[in-house]
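Scope of the values below: all heavy atoms of this structure, side chains included, with no hydrogens, waters or symmetry mates.
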Amino acid sequence: MVTWQRADDGDGGELSVNVESDEGTWEVEEAVVGGEPSAPIDARVSPDSPAHVTVATPYTLDGDVAKAFVRAHRVDGGSTEGEVRQINTLVVHESTVDGDSDRVDDLTVAVEPESRVERGFGSVFLSVSNDGSRAVRGVTINADGPHVEKAMYADGDDGETVAPESSIRYLVDLEGVDPGEEVVVNAEIAAGEATTRATVTANADDEAAVASDDWTLDVETDESRLPSRLSTQYE
């Protein structure tokens with residue numbers, strides 16, 4: 001999947017390139033749009049590790065869609081080591097998909113180690129990290145549950161924007177947990193029109209306590225509404 005947006009200085013643009021591998025490990029070399037090569041791409045992709053990079057291009061996309069291709073060569077030591085593959089695809093103007101800066105699927109959720117309950121009262125700390133190469137904007141977090149007394153952003157975070165390779169913290173205060181009772185926190189992390197739902201659960205012991213490493217996290221994400229058919233190969 002390749003999207004294009006205009007550069008800040010109006011000269012050329014930027015390509016947001018997402019590549020997945022069904023088989024083998026590949027080094028991605030470049031993307032070409034309208035016959036214009038992008039800046040070199042330094043990314044490795046394998047079945048377990050997709051690549052998402054942003055690179056400059058001298059090409060200006062005047063319409064909504066243009067033909068493009070991405071080049072990569074195989075590097076996993078197999079019989080086709082060094083093989084160069086050209087992936088024919090399309091590049092879409094970012095404005096036609098409402099931008100890719102609000103993609104909730106770049107966000108990951110974790111329960112921080114200091115989350116615990118003691119004698120029926122406690123807190124769950126959620127960490128929401130941006131693993132993508134671009135800022136994710138319009139982020140909102142909300143949480144509820146039978147034992148949730150209040151929920152708020154921690155450390156002065158406001159949740160509006162999560163920069164690449166950074167995270168925000170969300171604090172959920174709990175009260176009224178009885179011995180042996182299940183504690184459930186339902187969190188919703190939204191960005192744009194897509195949502196990640198995180199359910200945090202644990203069972204309190206005989207003293208109505210939950211240790212920091214006893215929490216279970218289940219995450220379900222609605223992927224951003226990008227036009228996936230644009231990434232199919234053309235003849």
Do Thr195 and Ile189 come close enough that some side-chain heavy atom pair is under 4.5 Å?
no
Within the distance-only criterion (no hydrogens, no angle test), does the side chain of Trp215 pair as donor or acceptor with the backbone N or O of Ser115 below 3.5 angstrom?
yes
Validation row: Ser16, Gln5 side chains within 4.5 angstrom (heavy atoms):
no
Give the C-alpha distance, both sets of side-chain angles, the deciding distance and a yes or no for side chain to side chain contact (heavy atoms under 4.5 Å, CB included) between Met1 and Val92.
CA-CA 9 Å; Met1 180 70 192; Val92 58; 3.7 Å; yes
Between Leu15 and Thr54, does the side chain to side chain contact (heavy atoms under 4.5 Å, CB included) criterion hold? Intermediate values first, please.
CA-CA 6 Å; Leu15 299 178; Thr54 301; over 6 Å; no
Out of curiosity, does Tyr153 fall in the hydrophobic cluster containing Val109 (side-chain heavy atoms, cut-off under 4.5 Å, transitive links)?
yes
Within the distance-only criterion (no hydrogens, no angle test), does the side chain of Asp205 pair as donor or acceptor with the backbone N or O of Ala208 below 3.5 angstrom?
yes
Value for CD (Glu182) from OG1 (Thr201), rounded to nearest 0.5 Å, stands at 5.5 Å
Is any NZ, NE, NH1 or NH2 atom of the basic residue among Glu114 and Arg169 found under 4.0 Å from an Asp or Glu carboxylate oxygen of the other?
yes
Pairs touching residues 19-28 that satisfy side-chain hydrogen bond (donor to acceptor under 3.5 Å, both in side chains), sequence neighbours left out
Glu27-Arg44
Indicate, with yes or no, if Val200 and Phe125 share a hydrophobic cluster defined by side-chain heavy-atom contacts under 4.5 Å among Ile, Leu, Val, Met, Phe, Trp and Tyr.
no
Is a donor on one side and an acceptor on the other found under 3.5 Å between the side chain of Ser166 and the backbone of Ala163?
yes
Using only atom types and a distance under 3.5 Å, with no angle test, would you say the side chain of Thr57 pairs donor to acceptor with the backbone of Tyr59?
yes
Would you call Arg119 and Glu207 a salt bridge, taking side-chain N to carboxylate O under 4.0 Å as the test?
no
Start with the C-alpha distance between Glu220 and Arg197, add both sets of side-chain angles, then the distance that settles salt bridge (Lys or Arg N to Asp or Glu O under 4.0 Å), and finish with yes or no.
CA-CA 5 Å; Glu220 179 181 348; Arg197 296 172 182 85; 5.4 Å; no
Step-by-step side chain to side chain contact (heavy atoms under 4.5 Å, CB included) determination, Ile168 to Tyr170:
CA-CA 7 Å; Ile168 56 177; Tyr170 195 73; over 6 Å; no
Keeping Asn203 on the side-chain end and Gly180 on the backbone end, is there a donor-acceptor pair under 3.5 Å?
no
Applying side chain to side chain donor-acceptor pair (under 3.5 Å), run through His93 and Thr3 and close with a yes or a no.
CA-CA 6 Å; His93 198 298; Thr3 59; over 6 Å; no
Establish whether Val183 and Leu171 are linked, either directly or via other cluster members, by ILVMFWY side-chain heavy-atom contacts under 4.5 Å.
no
Close side-chain approach of His52 to Val17, heavy-atom, < 4.5 Å:
no
Verify the cluster assignment for Leu217 and Val124: are they in a single hydrophobic cluster under the rule of side-chain heavy atoms below 4.5 Å apart?
yes
Is the shortest side-chain heavy-atom distance between Val139 and Leu107 below 4.5 Å?
yes
Answer yes or no: are there more than 12 heavy-atom neighbours, outside Asp155 itself, under 6.0 Å from its atom CG?
yes
4.5 Å side-chain heavy-atom contact, Thr89 and Phe69
no
Contact check, side chains of Asp106 and Asp131, non-hydrogen atoms, under 4.5 Å:
no
Student check: side-chain heavy atoms of Val45 and Val28 closer than 4.5 Å
yes
Does Asp218 form a side chain to side chain donor-acceptor pair (under 3.5 Å) with Thr199? I'd like the steps, not just the answer.
CA-CA 5 Å; Asp218 182 49; Thr199 302; 5.1 Å; no
Would you say that Val2 contacts Val70 through its side chain, given a criterion of any heavy-atom pair below 4.5 Å between the two side chains?
yes
State plainly whether one hydrophobic cluster holds both Val19 and Val75, where clusters connect Ile, Leu, Val, Met, Phe, Trp and Tyr through side-chain heavy atoms under 4.5 angstrom apart.
no
Please list all pairs passing the salt bridge (Lys or Arg N to Asp or Glu O under 4.0 Å) test where one or both residues lie in residues 73-85, with sequence neighbours left out.
Arg74-Asp76, Glu83-Arg85
